[in-house]
Student: 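Shown below is the structure under consideration.
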Protein chains: 2
Amino acid sequence: MPADESPVRPPTLNQVAARAGVSLKTASRALNGEPYVSGATERRVRQAADELGYRLNGLARELRTGGTSALVGLISGDLANPFYSAVASGAERELRQHGLLLITVNNDEDGELESSLLTALVERRVRALLVIPSGGGLVANSASAHNVPFVFVDRPPVGMAADCVLIDNTGGARAAAEHLLAGGHRRIALVADLVRTASQRARISGFAAAMRAAGNPAWESYLRTDVHDAATATRVVGELLDLPEPPTALFTTNNRLTIGALRALRGCRRPPALVGFDDFELADVVGVTVVAHDMTELGRAAARLAFDRIGGHTGPPRTVVIPATLVPRGSGER
Amino acid sequence: MPADESPVRPPTLNQVAARAGVSLKTASRALNGEPYVSGATERRVRQAADELGYRLNGLARELRTGGTSALVGLISGDLANPFYSAVASGAERELRQHGLLLITVNNDEDGELESSLLTALVERRVRALLVIPSGGGLVANSASAHNVPFVFVDRPPVGMAADCVLIDNTGGARAAAEHLLAGGHRRIALVADLVRTASQRARISGFAAAMRAAGNPAWESYLRTDVHDAATATRVVGELLDLPEPPTALFTTNNRLTIGALRALRGCRRPPALVGFDDFELADVVGVTVVAHDMTELGRAAARLAFDRIGGHTGPPRTVVIPATLVPRGSGER
DNA sequence: ATGAAAGCGCTAACAT
DNA sequence: ATGTTAGCGCTTTCAT
């Protein structure tokens, strides 16, 4: 049985003051570099603090100075997905420059969980929230209830106005479609993720618009939606290729699905053309044509919007659109 | 000029109590589901809270209940690196189950920045810290000074004892070396990252030990260290291949370097055999033999160790070793 | 240049 | 079952 049963509380400013033989307030002034402290006093206080191993209690300070923390929350899907981690990386880097810290939580693509995480973050008095909504639309409703600046990333809020950073989904998808059409393809399959997310819908409609404009309805029987993971994508693409009249080209609407499709295409003697939305590591090595966009910039832009609001910026919601451009690398040109 | 100059403070428990016509403490009890509150009172309080849009102030609660937050910090390199984001993903998932939140900060591979981030997190009273040190060893020193449980991930602390989760770097590297030797290779190049990190040193020494055991010194002139990014790896591998007597096989000691090597090998008529440390997305599609290990498990294990300490577990530091196994996929067998 | 008192929003301890 | 008082560790008046 250990002798020290006490959960050793860290030293307080009061203890530092006592040790330095000054008042609480003087110690506070000295450590915060405020004026009106004699050099000698400041030195004594600093030394006492060092000896005690004193660390400021940020909770207490923040409670006193306004009840709000130096934290910004990011609610997204699993960071194991490079898209989300790229956003997190960009956001963290931007926030850090302003002395803000990023809390990342995974909504597991579940609307219920998402709301409860939202509450947890608001209770921690985060100064802003960046959200890549799971798609349930639940967040949007609670957003207005809480009194915290919200920035929606990749997916616009439904039923409310708010700051928002989007990818040019429609334009990117249209570019992909036109590229494949220009290559002479007509039977073009579209493999998409959950249609409940606005970003997926935008990609699908951009693609559809280009097909319509080209007078090509031959893709409609090859539309596959709500394909949510790589393994399913592999299966679905396999099934497409086994069709009596298989598609000659393929458009996958995010990185996971593109990778799943690649697995299905392995060892395929005459693989269909492939264009994927989202760039990914090794796409250049594997030679995959993609619709690329700067994912970390998405996070940085979101953090900047949030920071403006934290700084008191009022005014109508702003939307930043990140461009998406086609990068030919071989797979889309065969 | 806006009319409402006041930065609308969120409602407090006191206001809820007043509105419900009860005392502060009763309101507290009601909302926290404590016993000894009549059903009618509880309902009145809950309704008042709803009407006001009341949110608990976690800062105040935590200050009162012990001066410590529900936050755990993770200091690592850029989340854009899939290794770090996998660790973050695993850690977050584990912590979330215990109601803890994860703060991620990027040390930018800079020891100075790392210490200042450390201070920032400690001041926010994080309950534990998970660290993938930049390698400067600075963290280790400050770790003991602060009174917070530390868990070192991927790299052991220098000059102190602490909880720690490691990959079987030596064993994994040895397996890679033996695999290449078994394939008949003698001139085997080793491309490694910064040797100041213990994990890299372990991988190099595991490799070296296997070479020694096999009586093969023919690798020593092909050793390249402190290759820190993919672009440099591409260049270095290119140079190796241009040697009068180029290596017939290649071992790269992390995911970034493997990917850089792959770029150099593109369009190479007779590419050398390749084994890389760390698995990565698409490795199966590209057919790259790797030394694989469960990166998210690294994060989960670290979070578990941290949670035990938070729960008051004392006792000597523990080390968890995550196994690393060779996965043949073609590139290592040619 | 320094200090005393008050209070941020909450919960713990002790009434009633 | 409900209320009162005190205080977490800090910063903000307002003295001195």
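What you see below is based on every heavy atom in this structure, not just the backbone, and it leaves out hydrogens, waters and symmetry mates. These numbers come from a predicted model, not from an experiment. We name chains A, B, ... by the order of the sequence lines, and we start the count at 1 in each one.
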Student: Choose from dG3(D), dC10(D), dC10(C) the nucleotide whose nearest atom is closest to any side-chain atom of Ala60(A).
Tutor: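 The answer is dC10(D).
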Student: Whole Å only: how far is the CZ atom of Arg124(B) from the P atom of dC10(D)?
Tutor: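 Distance, rounded to whole Å: 13 Å.
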Student: Would you mind reading off the distance between Lys25(A) atom NZ and dG9(D) atom P, rounded to a whole angstrom?
Tutor: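 Between P of dG9(D) and NZ of Lys25(A): 17 Å.
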Student: Evaluate the criterion side-chain contact (heavy atoms from CB on, under 4.5 Å) for residue pair Leu102(B) and Val105(A); output intermediate values, then yes/no.
Tutor: CA-CA 7 Å; Leu102(B) 182 70; Val105(A) 294; over 6 Å; no
Student: What's the CG-P distance between Leu13(A) and dC10(D), to the nearest Å?
Tutor: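 Atom-to-atom, Leu13(A) to dC10(D), this comes out as 5 Å.
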Student: Decide yes or no on side-chain contact (heavy atoms from CB on, under 4.5 Å) for Ser28(A) and Leu13(A), but give the supporting numbers first.
Tutor: CA-CA 7 Å; Ser28(A) 168; Leu13(A) 188 54; 3.7 Å; yes
Student: Go through it in stages, so that I can follow the logic: the residues are Leu100(A) and Glu94(A), the test is side-chain contact (heavy atoms from CB on, under 4.5 Å), and I'd like the CA-CA distance, side-chain angles, deciding distance and then a yes or no.
Tutor: CA-CA 9 Å; Leu100(A) 296 167; Glu94(A) 186 75 25; over 6 Å; no
Student: Ignoring the backbone of Ser23(A), work out which of dC8(D), dA1(D), dG3(C) is nearest its side chain.
Tutor: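 Nearest listed nucleotide: dG3(C).
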Student: Please tell me if Thr26(A) has a side-chain N or O lying less than 4.0 Å from either OP1 or OP2 of dG3(C).
Tutor: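 Yes, within the criterion.
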Student: Check Glu62(A) with Arg125(A), please: is the shortest side-chain N to carboxylate O separation under 4.0 Å?
Tutor: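 No salt bridge links Arg125(A) with Glu62(A).
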Student: Among the candidates dT11(C), dC8(C), dA1(C), find the nucleotide nearest to the side-chain atoms of Arg9(B).
Tutor: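 Shortest atom-to-atom distance from the side chain points to dC8(C).
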Student: Taking 4.0 Å as the cut-off, does a side-chain nitrogen or oxygen of Ser28(A) come that near to OP1 or OP2 on dT11(D)?
Tutor: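 True: Ser28(A) side-chain N/O within range (under 4.0 Å) of dT11(D) OP1/OP2.
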Student: For dT2(C), does OP1 or OP2 lie under 4.0 Å from any side-chain N or O of Thr41(A)?
Tutor: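 For dT2(C), OP1 or OP2 has a side-chain N or O of Thr41(A) closer than 4.0 Å.
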Student: Taking OH from Tyr36(B) and C1' from dA12(C), how many angstroms apart are they, rounded to a whole number?
Tutor: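 Checked: the OH to C1' distance equals 16 Å.
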Student: Is there a donor and acceptor pair closer than 3.5 Å between the side chain of Arg29(A) and the base of dG3(C)?
Tutor: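 By the distance-only test, yes, there is a pair.
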Student: Rounded to the nearest angstrom, tell me the gap between atom CD in Gln15(A) and atom C1' in dC8(D).
Tutor: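 It is 13 Å, rounded to the nearest whole Å.
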Student: dA5(C) P sits how many Å from Arg64(A) CZ, rounded?
Tutor: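 Distance check: Arg64(A) CZ to dA5(C) P gives 16 Å.
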Student: Of Leu63(B) and Val22(B), whose nearest nucleotide on DNA chain D comes first from the 5' end?
Tutor: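 Whichever sits nearer the 5' end wins; that is Val22(B).
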Student: Using a 4.0 Å heavy-atom cut-off across all strands, classify Leu24(B) as base, sugar-phosphate, or nothing.
Tutor: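 Base, at least one base heavy atom under 4.0 Å.
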Student: To the nearest angstrom, how far is Glu62(B) atom CD from dT11(C) atom P?
Tutor: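 It is 11 Å, rounded to the nearest whole Å.
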Student: Side-chain N or O of Ser38(B) less than 4.0 angstrom from OP1 or OP2 on dT2(D)?
Tutor: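 For dT2(D), OP1 or OP2 has a side-chain N or O of Ser38(B) closer than 4.0 Å.
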Student: Measure from CG on Asn57(A) to P on dC8(D) and round the result to the nearest Å.
Tutor: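 Going from CG in Asn57(A) over to P in dC8(D) covers 12 Å.
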Student: Is there a side-chain contact (heavy atoms from CB on, under 4.5 Å) between Asn57(A) and Thr12(A)? Walk through the geometry before answering.
Tutor: CA-CA 8 Å; Asn57(A) 186 332; Thr12(A) 74; over 6 Å; no
Student: Which nucleotide sits closest to the side chain of Leu56(A): dC10(D), dT11(C), dG3(C)?
Tutor: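 Given the options dC10(D), dT11(C), dG3(C), the side chain of Leu56(A) is closest to dC10(D).
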